[in-house]
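The structure appears right after this line, and notes come after that.
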Amino acid sequence: MKVTKAVIPAAGLGTRVLPASKSLPKEMLTIVDKPAIQYIVEEAVNSGITDILIITNRGKGIIEDHFDRSPELEQRLLASGKKEMYDEVVSISKLANIFFIRQKETKGLGHAVNCARSFVGNEPFAVLYGDDVIIGDDPACGQLIRAYEKYGKSAVGIKAVPETDIHKYSSLKVEPLEDRLFLCTDMIEKPQTKEEVLSLYSILGRCVLTPDIFDILDQTPPGAGGEIQLTDAMRTLARTVGMTGVDYTGKRYDMGDKLGILQATVEIALKNPTVGDAFRDYLKELAPTL
Ligand code: UTP
């Protein structure tokens with residue numbers, strides 16, 4: 001079945017990027033000239049997704065405003081002859097069919113994904129974590145969709161993390177299938193001892209799930225931090241039918257982390273056609289003084 005629906009969970013509290021995220025959702029933090037979540041929606045659209053559900057919560061109404069029309073602003077841009085910017089602003093509201101639902105209590109990523117049940121129905125769907133921006137020529141979400149289409153199993157985006165950091169992430173049991181693709185048969189969230197580590201591969205940022213995940217989520221008790229963890233439900237899928245791990249190409253930026261935000265800003269600014277060259281000159285000037 002073709003994957004045309006995506007879910008973007010964006011209802012976390014963003015405590016690691018406070019105070020920036022106190023009233024501004026971290027998903028709306030700017031990278032150069034666009035909010036992070038726009039990069040994520042564009043990746044989904046470039047992967048063939050047509051319908052997107054964004055999971056929000058109280059205080060995140062500006063995400064809805066960003067993907068809506070803005071008649072006053074549009075009129076002003078047209079009247080002042082700024083046709084290119086007018087086209088860009090209007091195109092944001094036409095990227096995809098975008099829907100919103102509120103996660104009424106912050107009970108974890110698994111709980112947030114479970115809010116998408118009636119939107120998803122009985123189809124496979126992509127999940128793009130609202131604070132993970134991935135930049136690359138071949139959209140990461142599309143790479144996972146291709147793996148799902150080929151192997152018929154839920155697919156998870158994976159990356160190797162440093163051994164010293166694996167205790168902060170999930171650790172997956174994997175067997176190679178082909179270039180960049182693995183069969184994943186087990187996982188553990190935040191392994192605390194060396195013996196618990198299954199590999200240095202961890203799930204990062206993206207997955208394509210089959211709809212049976214919802215029944216599993218219904219049965220999943222709160223895990224780490226008292227929250228319903230998506231990885232706990234994925235472990236059931238991995239152990240029973242297996243999942244396909246995709247070591248996707250593209251660079252991931254963690255917008256839920258202060259250093260990640262800075263890295264995204266610098267690297268994406270360097271590629272920007274308008275400010276890239278001037279920014280490179282500025283960095284060259286600055287670097288010798290560091
Ligand atoms: P994170 O655990 O990185 O987000 O969840 P968080 O809870 O905002 O982070 P900190 O630790 O407090 O800084 C990954 C994604 O899942 C969403 C977040 O918005 C983020 O995009 N999420 C998390 C929800 O939608 N609901 C939740 O209950 C938790």
Side-chain angles (χ1 to χ4, degrees), residues 5-18 21-22 25-27 53-60 63 100-122 124-132 153-159 161 165-173 184-193 195-199 201-243 245 254-257:
K5 290 182 181 173
V7 175
I8 303 180
L13 297 177
T15 55
R16 284 169 296 144
V17 288
L18 281 169
S21 53
K22 189 179 171 205
K26 63 177 167 180
E27 296 79 9
L53 178 70
I54 302 180
I55 318 266
T56 63
N57 60 357
R58 282 176 296 283
K60 300 218 175 185
I63 301 180
F100 296 89
I101 193 168
R102 282 189 180 202
Q103 183 189 17
K104 296 190 179 72
E105 290 172 278
T106 313
K107 286 188 177 170
L109 181 57
H111 180 263
V113 168
N114 214 6
C115 296
R117 189 177 197 137
S118 58
F119 165 78
V120 167
N122 201 26
F125 64 105
V127 180
L128 297 92
Y129 299 10
D131 56 356
D132 275 319
K153 295 180 196 300
S154 291
V156 282
I158 63 172
K159 286 275 164 207
V161 302
D165 287 347
I166 189 71
H167 65 280
K168 294 189 244 166
Y169 294 92
S170 57
S171 166
L172 312 183
K173 185 175 176 191
C184 168
T185 52
D186 201 359
M187 63 183 75
I188 176 166
E189 183 66 25
K190 299 189 174 60
Q192 292 308 308
T193 62
E195 291 66 44
E196 281 182 347
V197 174
L198 300 170
S199 78
Y201 276 111
S202 184
I203 299 176
L204 288 178
R206 303 285 181 266
C207 50
V208 169
L209 297 170
T210 47
D212 42 346
I213 194 77
F214 294 114
D215 284 342
I216 301 172
L217 278 168
D218 281 344
Q219 304 296 323
T220 303
E227 297 191 331
I228 297 175
Q229 300 290 343
L230 184 60
T231 40
D232 286 344
M234 285 176 172
R235 186 178 51 229
T236 305
L237 272 185
R239 284 183 177 169
T240 50
V241 287
M243 302 179 94
D254 182 359
M255 294 298 290
D257 174 77

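In this structure, T185 contributes its side chain and G242 its backbone to no donor-acceptor pair below 3.5 Å. Judged by distance alone, with hydrogens and angles left aside, the side-chain atoms of R102 form no donor-acceptor pair with the main-chain N or O of K60 at under 3.5 Å. A donor-acceptor distance shorter than 3.5 angstrom exists from the side chain of S199 to the backbone of L172, with no hydrogens or angles considered. For S202 (side chain) and S170 (main-chain N/O), a donor-acceptor pair under 3.5 Å exists by modelled atom type.
Shown here for N57 and A11, the closest heavy-atom pair between the two residues is ND2-O, 2.9 Å. Shown here for P9 and V113, the closest heavy-atom pair between the two residues is CG-CG2, 4.4 Å. Of all non-hydrogen atoms in G12 and T106, the two that sit nearest each other are CA-CG2, 4.5 Å.
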Would L237 and D212 count as a side-chain contact (heavy atoms from CB on, under 4.5 Å) if you check the C-alpha gap in whole Å, the side-chain angles of each, and the deciding distance to 0.1 Å? CA-CA 9 Å; L237 272 185; D212 42 346; 3.6 Å; yes
Might you work through the side-chain contact (heavy atoms from CB on, under 4.5 Å) test for R206 and D132, ending with a clear yes or no? CA-CA 8 Å; R206 303 285 181 266; D132 275 319; 3.8 Å; yes
Decide yes or no on side-chain contact (heavy atoms from CB on, under 4.5 Å) for V120 and L53, but give the supporting numbers first. CA-CA 9 Å; V120 167; L53 178 70; over 6 Å; no
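The structure places CD1 of I54 at 9.5 Å from CD of E27, a figure rounded to the nearest 0.5 Å. C184 contributes atom SG, which lies 7.5 Å from atom CD1 of I158 (distance to the nearest 0.5 angstrom). Distance check, rounded to the nearest 0.5 Å: CG of L217 to CG of L109 gives 9.0 Å. For the atom pair C207 SG and L128 CG, the distance stands at 8.5 Å (nearest 0.5 Å).
Scanning for side chain to side chain contact (heavy atoms under 4.5 Å, CB included) contacts around I188 gives S171, P191, E196, L198, with sequence neighbours left out. For K159, the side chain to side chain donor-acceptor pair (under 3.5 Å) criterion is met by D247, not counting sequence neighbours. In this view, E195 satisfies the salt bridge (charged side-chain N to carboxylate O under 4.0 Å, His left out) rule with no residue, not counting sequence neighbours. Judged as a side chain to side chain contact (heavy atoms under 4.5 Å, CB included), and not counting sequence neighbours, the contacts of R117 are N114, F214, D215, D218. For the side chain to side chain contact (heavy atoms under 4.5 Å, CB included) test, residues two or more places apart in sequence or in another chain that qualify with K190 are Q192. K173 pairs by the side chain to side chain donor-acceptor pair (under 3.5 Å) definition with nothing, not counting sequence neighbours. Residues meeting the side chain to side chain donor-acceptor pair (under 3.5 Å) test with S21, sequence neighbours left out: none. Scanning for side chain to side chain contact (heavy atoms under 4.5 Å, CB included) contacts around N122 gives P211, with sequence neighbours left out. Residues that satisfy the side chain to side chain donor-acceptor pair (under 3.5 Å) test with T56, not counting sequence neighbours, are absent from this structure. For the salt bridge (charged side-chain N to carboxylate O under 4.0 Å, His left out) test, no residue two or more places apart in sequence or in another chain qualifies with K104. Listed by chain and residue number, nothing satisfies the ring pair (Phe, Tyr, Trp, His ring centres under 6.0 Å) test with Y129 (two or more places apart in sequence, or in another chain).
Inter-residue side-chain proximity for D131 and R16 is flagged as met; some heavy-atom pair is nearer than 4.5 Å. Inter-residue side-chain proximity for V7 and F125 is flagged as met; some heavy-atom pair is nearer than 4.5 Å. Here the side chains of P25 and I63 are in contact, with some heavy-atom distance below 4.5 Å.
Ion pair D186/R239 flagged as a salt bridge, since at least one NZ, NE, NH1 or NH2 atom sits closer than 4.0 Å to an Asp/Glu carboxylate oxygen.
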Tell me which donor-acceptor pairs under 3.5 Å the side chains of residues 223-236 have, and how far apart each pair is, sequence neighbours excluded?
{"unit_1": "Q229", "atom_1": "NE2", "unit_2": "A224", "atom_2": "O", "d": "2.8"}
{"unit_1": "T231", "atom_1": "OG1", "unit_2": "E189", "atom_2": "OE1", "d": "2.7"}

